[in-house]
Structure formats: C-alpha cells, structure tokens
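Scroll down for the structure; my scribbles are underneath it.
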Amino acid sequence: MIDPQILRNDPEVIRESQRRRGEDTQVVDLLVAADIAARDEQRVFDELRNSQKTLSKEIGPLQGQLKKNPSPELQQQVDQLMERASNLAAEVKAAEIKADDKAREVENLWLQVSNLVDLRSPVGGEEDFTLLETVGTPRDFAAEGFEPKDHLTIGQGLKAIDTERGAKVSGSRFYFLTGHGAMLEFALLNLAMAQAQVNGFIPMITPALVLPSAMEGTGFLGQAAENVYRVESDDMYLVGTSEVPLAAYHSDEIIPASQLPLRYAGWSSCFRREAGASGRDTTGIIRVHQFDKVEMFVYCDPADAQAEHERLLQWEKDFINALEIPYRVIDVATGDLGSSAARKFDIEAWIPTQGKYREVTSTSNTTEFQARRLKVRMRDDNGTRPLATLNGTLCAMPRIIVAILENHQNSDGSVNVPAALQPFLGGLTKLTAPATKSAGK
RNA sequence: GGAGGCGUCGCCUAGUCCGGUCUAUGGCGCCGCACUGCUAAUGCGGUUUGGGUUCAUCCCCAUCGCGAGUUCAAAUCUCGCCGCCUCCGCCA
C-alpha cells in the first residue's frame with residue numbers, strides 16, 4: 001500500500017501512476033472520498049465513546065456511596081446515569097459499526113491500488129522496455145559447423161531431463177531432473193548460496209505454503225491471483241517465489257535501523273499455475289508449474305533502496321557472468337511491472353535455438369509497498385516508519401539449466417561445464433551421456 | 001488426533017478467582033536532565049503501537065494473542081479461533 005498522506009495531499013500522483021500502468025484511476029477517486037468519510041465516522045465514534053466512558057466512570061463511585069448509606073435520592077441519581085449511559089451505549093455501538101464498515105471499505109480499495117511507479121520506468125506494455133545493456137556474444141554455431149539442439153533434446157540425450165514421465169506422474173509442465181540434471185541443480189544451488197553468503201546474505205530455507213495474509217501482503221492476490229495455487233481445504237497458498245515467506249518473515253516487526261540492510265537468500269520450491277500461458281513454451285522446462293529457486297530479498301532504509309536495487313542487479317549479473325551465458329538487461333515497462341514493483345530490471349539469457357533472449361532473472365524495488373501491507377517498520381532517531389523491500393532472482397533452476405545446456409553444448413551432444421560450476425560438480429568439466437543402466441529414454 | 005497448562009506496553013513481572021480504586025504494577029534495559037576530577041553510583045523525568053486533532057504543546061480514541069458476546073462499564077466474565085509448552089497417540 002501507498003502512504004495515505006499522498007492520497008490526501010496529492011492524489012494526482014497516484015492517478016498518474018495508475019495511468020502509466022494502464023490500470024484503473026477511478027479507484028483513486030473512490031478512495032479519496034472513502035478516506036474522508038472513514039475519518040469522519042471514526043471521529044464521531046471517538047467522541048461518543050469518550051462521553052460514554054466519562055459517564056461510566058461516574059457510576060462506579062456513586063454505587064460505592066450508595067452501598068454505604070442507601071438513600072432514594074442517590075438511587076435515583078444512579079438510575080438516571082445508568083439510563084443515559086445505556087442510550088449512549090447503543091449510539092456508540094452503531095457508530096462503531098459505521099466506522100468499521102468505512103474503514104474496511106478503504107482497506108479494500110487500497111488493495112486495488114498498485115505501487116507508485118518509478119518515474120524512470122519506461123511507460124508502456126511488455127514490448128516497451130528499455131534495453132540497458134547487452135553482455136557477451138552468442139556463439140556462431142554455423143561457423144562452428146553444427147546446428148544447436150534445443151535444451152530438451154540435449155537434456156534427454158544426457159538423461160538429465162524427463163518431461164514425459166513428469167507428465168505421466170503430474171501432468172503437463174511437470175518434469176523430473178535426473179542424474180546430471182539433478183546434480184546440476186545442486187551445483188547451481190551451492191554456487192548461488194556461496195556467492196550470496198560472500199555478499200552478506202543469510203541463507204534461508206522457507207515454507208512453500210503460506211497463509212492468505214502473507215500472499216496478500218506481498219501483492220500476489222491482485223492481478224497475479226490467477227497464477228497462484230490455493231489449497232482450499234486448509235485455506236493456504238503455494239508460493240510462486242520465496243519472496244513471499246521472506247517478506248512476511250518480519251511482518252508486524254520493528255527493526256532497528258542499525259540492523260539494516262537485512263539480506264536473505266531464500267531457497268524454496270515455487271509453484272505457478274501459468275493460467276494465461278496455454279500454448280506458450282509447451283515443450284521443455286522453460287515454463288513449468290513447479291521449480292526451485294534461490295531468491296535474494298532485502299529489507300533496507302527507503303533512502304538506500306535505489307542503490308540496493310543496483311546492487312541486486314549487479315549480483316544477478318555476477319552469477320550469469322560466472323556461468324558464461326550471453327545476456328541482456330532490460331528496464332521493464334510500467335505495464336509489465338507486478339503490482340508491488342516501482343521499478344524492475346530483468347536479465348534475459350540468450351537461447352540459441354529460439355534465436356532470442358528469454359527472462360532468467362528479475363529484480364524489483366517494491367519500495368514501501370509490501371512493508372506497509374505487512375507492517376514491517378524500521379526505527380531510528382527520527383522515529384518509526386515503513387522500510388523498503390527489494391527482491392531479485394539469484395538462480396531460477398530450470399531456466400538457468402536451459403541456458404547452460406543450450407549455450408555450452410557440443411556437436412556430440414555433450415555439454416561443457418562452466419569453470420565456476422566445476423568445483424560444485426566434483427571437478428567435472430563436461431556432461432556426457434551416461435552408460436545406460438536403469439530404464440531411461 | 002487426545003488431555004492439561006500458558007499468552008500483559010523491548011525482556012521479566014503484578015493484576016484475572018471476586019468487573020469500576022488500571023490513567024495496567026514493579027524490576028531490567030534504553031533515552032534525557034541533574035549531581036559528581038573521569039567512570040561508576042545516585043536522584044528526577046521519559047520510554048507499546050496505530051489513528052484523530054493541533055503551527056506546536058495539550059488532548060481524544062483504539063490496543064493486555066485474535067475475533068465475537070454479556071454489561072452503563074471487560075486485562076478481568078462467556079463463546080470461538082490462533083500460537084507456544086508438557087504428556088499421550090501417530091509419523092518422515
């Protein structure tokens with residue numbers, strides 16, 4: 001949620017942000033009115049409640065006196081007070097209901113408002129991103145004299161990926177990582193966590209099932225809701241990223257400024273329904289319902305958020321650089337930001353068989369948006385106030401595996417292991433098809 | 001899953017049986033001031049969070065795990081829920 005003071009002092013700022021996102025602006029007008037009404041109702045309640053309390057406090061001592069020396073006069077006085085208080089109690093109750101209703105209305109309206117966009121984010125839809133830089137050169141397979149195979153073909157050849165059995169067991173967009181595939185994921189996990197720790201991140205293994213409050217607080221029950229798995233029998237959600245548990249980790253807490261920034265590297269399975277994506281990326285493991293990911297998550301002073309965002313991007317680049325994968329960096333357009341993000345940078349890796357760059361990481365500055373919803377605050381000499389949260393992908397397993405397999409493949413179907421990864425694979429320099437022992441395909 | 005106990009303003013704690021004297025006690029910690037060669041000690045004051053109002057101070061409302069109820073009045077009584085602990089059962 002956005003600072004309510006902005007709504008009261010300059011609602012046009014919020015309208016403009018909504019316009020840039022291509023989202024509803026009428027909700028802002030409704031909110032302006034509802035906010036005023038809610039405060040009016042609250043004031044009515046406060047005043048009534050005050051007189052009720054004042055009245056009530058007179059009754060106690062009088063009853064004490066009455067007990068000591070009963071008199072009809074005193075009794076009458078008490079009865080009168082009781083009657084007035086009784087009437088007042090009914091008024092108070094009515095006022096409270098009104099005030100609560102209005103407050104809830106305001107709250108619900110706020111849930112429909114996305115974060116204020118960073119004015120540097122390019123305005124427009126998915127295709128209107130700004131290209132920030134291109135790093136590395138895609139291999140010239142023609143010059144090398146062979147046609148590159150797609151990641152699934154290579155993965156199957158190496159007995160590293162099994163999508164057929166994934167579909168048999170769990171349906172489409174599920175897969176097994178087997179042998180080299182599984183070991184590759186473990187190696188990537190360890191490389192990612194090693195890098196994260198050097199950069200001051202605390203490794204975390206997080207819950208993958210969360211309460212509605214965590215899901216809503218991070219902003220995933222808005223437009224993104226259709227991609228979230230809900231476990232109806234227990235009213236819980238499967239997270240699409242460990243950003244959710246990591247953001248909710250400090251909810252309802254006040255963190256001393258001296259402890260900031262707090263950097264966490266979360267490891268969890270991620271679940272996505274991919275509801276709006278039927279027909280897209282139907283083969284292989286580029287778009288799947290379940291995958292594992294190392295996610296960076298930072299709590300920091302809002303004044304440091306921009307600089308931290310740059311750092312997160314740099315750490316993402318460091319990781320892709322270490323894997324020797326060509327990529328480009330884009331500044332995501334306003335229409336393609338999640339509802340919590342003010343600004344977002346994506347790294348897109350070169351995928352040879354598609355002849356294009358595909359998203360492998362994403363880092364968002366969510367400013368105070370999630371912190372306000374989740375009530376995470378910081379305290380320094382200037383008092384208590386919301387802090388900023390940021391997130392960034394360090395390693396989303398399937399897509400990184402895709403990029404490694406395709407970019408480092410050899411004509412014989414083997415795959416070179418990037419030097420940085422070799423220590424985490426027991427020194428292995430090349431993945432080759434294993435001798436057939438168990439039933440493979 | 002069953003039985004019992006517990007949940008108070010950073011931490012510990014009084015209060016809950018028997019509703020009003022709670023504006024929630026005291027200690028520790030922390031902040032400010034005073035005193036003192038320095039430090040320590042001592043004294044005085046302050047110290048939950050959110051909202052409203054105000055130039056500001058003041059003041060007002062809510063907040064004793066969460067929600068509902070009883071009542072003129074709830075930390076205190078009733079009901080539901082959540083969490084933690086102990087024991088039992090089951091179990092990776």
Side-chain angles (χ1 to χ4, degrees), chain A residues 1-9 31-70 74-110 205 207-217 231 233-237 245 248-260 262 268-269 368 370-387:
Chain A
M1 128 174 221
I2 299 167
D3 185 350
Q5 287 305 327
I6 296 174
L7 181 78
R8 290 163 199 169
N9 300 331
L31 203 43
V32 168
D35 179 64
I36 291 169
R39 277 182 294 157
D40 286 345
E41 297 291 1
Q42 185 64 38
R43 199 171 312 126
V44 169
F45 166 75
D46 283 355
E47 281 161 15
L48 279 171
R49 176 73 176 144
N50 184 23
S51 27
Q52 186 199 19
K53 281 172 77 169
T54 310
L55 207 53
S56 262
K57 275 176 196 157
E58 292 173 29
I59 294 175
L62 275 180
Q63 278 189 329
Q65 275 183 48
L66 192 61
K67 238 177 199 171
K68 272 185 219 161
N69 34 20
L74 216 51
Q75 182 64 54
Q76 197 190 2
Q77 215 178 329
V78 170
D79 288 347
Q80 274 181 3
L81 276 177
M82 291 273 252
E83 198 189 327
R84 277 171 58 201
S86 188
N87 292 334
L88 209 46
E91 279 185 66
V92 167
K93 185 160 265 179
E96 185 175 23
I97 289 168
K98 266 173 136 178
D100 286 352
D101 283 352
K102 268 293 169 194
R104 206 168 304 117
E105 185 187 326
V106 169
E107 208 175 302
N108 287 334
L109 286 168
W110 270 123
I205 298 174
L209 275 168
V210 298
L211 299 171
S213 55
M215 215 60 183
E216 186 158 275
V231 181
S233 56
D234 295 275
D235 195 17
M236 294 189 80
Y237 294 92
Y249 186 67
H250 286 297
S251 55
D252 288 311
E253 292 184 23
I254 300 172
I255 299 167
S258 59
Q259 289 179 19
L260 299 175
L262 273 174
S268 82
S269 290
E368 301 167 21
Q370 292 177 333
R372 280 183 193 279
R373 287 188 172 200
L374 291 164
K375 298 185 175 58
V376 191
R377 287 155 292 175
M378 56 177 283
R379 173 154 39 214
D380 62 12
D381 296 338
N382 298 321
T384 304
R385 61 182 186 282
L387 44 64

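Any value given below was found using the heavy atoms of this structure, including those in side chains, with hydrogens, waters and symmetry copies removed. Reminder, nothing fancy here: chain letters follow the sequence lines and each chain counts from 1.
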C1' atom, B:G10 versus B:U21: distance in rounded Å?
30 Å
Say we look at B:C59 and B:U23: how far apart would their C1' atoms be, to the nearest angstrom?
14 Å
Taking only the C1' atom of each, what is the distance from B:U13 to B:G27 in whole angstrom?
8 Å
Below the 4.0 Å mark, does B:A62 have OP1 or OP2 next to a side-chain nitrogen or oxygen of A:Lys53?
yes
Write down the partner of B:G20 under the Watson-Crick or G-U wobble criteria, each distance required to be under 3.5 Å.
B:C72
Paired with B:U53 by Watson-Crick or G-U wobble geometry, both distances under 3.5 Å: which nucleotide is it?
none
Give none if B:C81 has no partner; otherwise give the nucleotide forming a Watson-Crick or G-U wobble pair with it, both distances under 3.5 Å.
B:G65
A:Asn50 vs B:C60: side-chain N/O to OP1/OP2 distance below 4.0 Å:
no
In Watson-Crick or G-U wobble terms, both distances under 3.5 Å, what is the partner of B:U39?
none
Give the rounded distance in Å between these two atoms: CD1 of A:Ile36 and P of B:U53.
11 Å
OP1 or OP2 of B:U49 under 4.0 Å from side-chain N/O of A:Arg379
yes
In Watson-Crick or G-U wobble terms, with both distances under 3.5 Å, the base opposite B:C87 is B:G2
Return the minimal non-hydrogen interatomic distance between A:Val106 and A:Ala38, and the atom names on each side.
CG2-CB, 3.8 Å
Need the pair for B:G10. Rule: Watson-Crick or G-U wobble, both distances under 3.5 Å, any strand; none if unpaired.
B:C28
